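Down below is the structure, laid out as structure tokens.
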Amino acid sequence: MFIVVEGPEGAGKTTLVRWLAARLLAEGRPVVTVREPGGTPVAEAARKIALKSQHDLSPAVELFLILAARADLVARVIRPALAGGQLVLADRFELSTLCYQVAGRGLPADAVDAALQLATGGLVPDLTLVLDVPVDVGRERLRRARKEPDRLERLDDAFHRRVLEAYRRAAGAGVVHIDATGSKTAVQDAAWRTIGAAALQLRVGGES
Ligand code: Z5A
């Protein structure tokens, strides 16, 4: 099973991914956890440029750095883990690119779709949990956590509203929206219930 946690900045993705990994491990179901962009030496190098470069990067350069990272992560970590029967839990994946680089940056959706296909070979998550928080709530959480803002986090509220609206429009097989304005426990409970239901559906689907 391939599970992705998505959402705008400060939504609580990393907090949830860590909790889910610990809970799954406690239940005897170890997981491979990845965060995007990153997770291999090549992907971490691309991440550093994409998120920290002091140079002006065009939206296309940003896209190709992120997709270079994803192509390496998918080939070296995610596909081998799934092929070995392991559960993979990712902090961001393809939906981030559609929300940040297409809705946020304004790159054309059809060209990005084609590039995504090339980067991932068409790998699609079984379940995508989209954590929803308003822009100001997410920003306030990061401010309180004293996180050093990256190139994208420094962009204005209008950019982040476009990203959030794109997340809110996300739909399709395996996409589940979770209100992430509540307590960490409330978000964890909702995510756990959703994963349980999705796992059951996959099992039933696999047997029929
Ligand atoms: N990016 C892209 O543009 N295109 C792509 O395709 C991909 C990525 C894959 C990655 O940044 C950047 O890459 C990202 C988009 C871009 N930049 N932006 N924006 P990152 O890896 O450094 O971080 P992030 O993914 O953006 O995560 P984040 O915004 O730093 O936060 P988060 O993971 O969603 O939240 P958190 O770290 O779990 O929690 C933040 C704080 O809130 C922390 O103090 C928690 O204790 C607290 N928290 C968490 N949950 C709650 C609840 N429920 N209540 C109260 N407080 C909470």
Side-chain angles (χ1 to χ4, degrees), residues 4-22 33-40 43-44 46-53 57-74 78 89-107 109 112-113 115-117 119-120 123 125 128-164 166-167 170 178-192:
V4 176
V5 178
E6 284 277 5
E9 56 169 359
K13 299 175 293 298
T14 307
T15 305
L16 179 62
V17 164
R18 285 195 188 131
W19 183 86
L20 287 173
T33 305
V34 294
R35 66 135 188 212
E36 273 234 87
T40 68
E44 289 295 328
R47 174 189 175 94
K48 202 167 160 199
I49 307 173
L51 302 185
K52 301 282 179 207
S53 175
L57 305 182
S58 73
V61 171
E62 183 180 282
L63 172 76
F64 286 121
L65 285 164
I66 286 167
L67 293 193
R70 184 164 307 143
D72 204 51
L73 181 71
V74 166
I78 299 181
L89 191 54
D91 189 338
R92 295 192 181 277
F93 195 62
E94 203 168 278
L95 184 55
S96 285
T97 314
L98 299 177
C99 294
Y100 284 84
Q101 278 65 49
V102 176
R105 294 295 200 189
L107 287 172
V112 173
D113 272 343
L116 280 169
Q117 174 71 27
T120 66
L123 180 65
T128 302
L129 302 173
V130 184
L131 304 190
D132 187 291
V133 290
V135 170
D136 54 335
V137 173
R139 293 208 135 175
E140 176 57 18
R141 284 183 187 170
L142 292 188
R143 197 188 59 74
R144 276 212 225 125
R146 296 177 191 277
K147 189 188 176 208
E148 169 88 26
D150 64 40
R151 282 181 59 252
L152 289 134
E153 284 161 353
R154 283 198 295 270
L155 294 172
D156 61 16
D157 280 358
F159 174 88
H160 288 285
R161 275 197 296 272
R162 289 198 295 281
V163 170
L164 177 62
Y167 272 120
I178 293 177
D179 176 4
T181 55
S183 67
K184 290 179 190 177
T185 313
V187 176
Q188 288 157 0
D189 286 348
W192 189 250

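Small disclaimer: the values here were computed from a predicted structure and weren't measured. Whatever order the structure lists them in is the order used to number ligands and atoms, beginning at 1.
With sequence neighbours excluded, the residues forming a side chain to side chain donor-acceptor pair (under 3.5 Å) with Thr97 are Arg70, listed by chain and number. In terms of the side chain to side chain donor-acceptor pair (under 3.5 Å) criterion, Glu94 has no residue partners (sequence neighbours excluded).
Contact annotation: for Lys147 versus ligand 1, heavy atoms closer than 4.0 Å belong to the side chain alone. At a heavy-atom cutoff of 4.0 Å, ligand 1 is contacted by the side chain of Leu51 but not by its backbone. When heavy-atom distances to ligand 1 are checked against a 4.0 Å cut-off, Leu142 comes that close only through its side chain, counted from C-beta outward.
Residue contacts with ligand 1 leave out Gly7, since none of its heavy atoms falls under 4.0 Å from the ligand. Within the structure, the closest approach of Arg35 to ligand 1 does not fall below 4.0 Å when heavy atoms are considered.
Counting protein heavy atoms only, atom 55 (C) of ligand 1 is closest to Arg141 NE, 3.6 Å. Ranking the protein heavy atoms by distance from atom 35 (O) of ligand 1 puts Gly12 N, 3.2 Å first. Nearest to atom 1 (N) of ligand 1 among the protein's heavy atoms is Ile66 CD1, 4.2 Å.
Interface of Gln101 with ligand 1, defined as ligand atoms under 4.0 Å from a residue heavy atom, comprises 2 (C), 3 (O), 4 (N), 5 (C), 6 (O).
More than 12 heavy atoms of other residues, nucleotides or ligands lie within 6.0 Å of CZ in Phe159, so this atom counts as buried by the packing criterion.
Considering only non-hydrogen atoms, atom 20 (P) of ligand 1 lies nearest to Arg47 out of Lys13, Arg47, Arg154. In the candidate list Leu16, Val17, Thr14, Thr14 is nearest to atom 37 (O) of ligand 1, counting heavy atoms.
Not a single N or O atom of Asp91, backbone or side chain, sits closer than 3.5 Å to an N or O atom of ligand 1.
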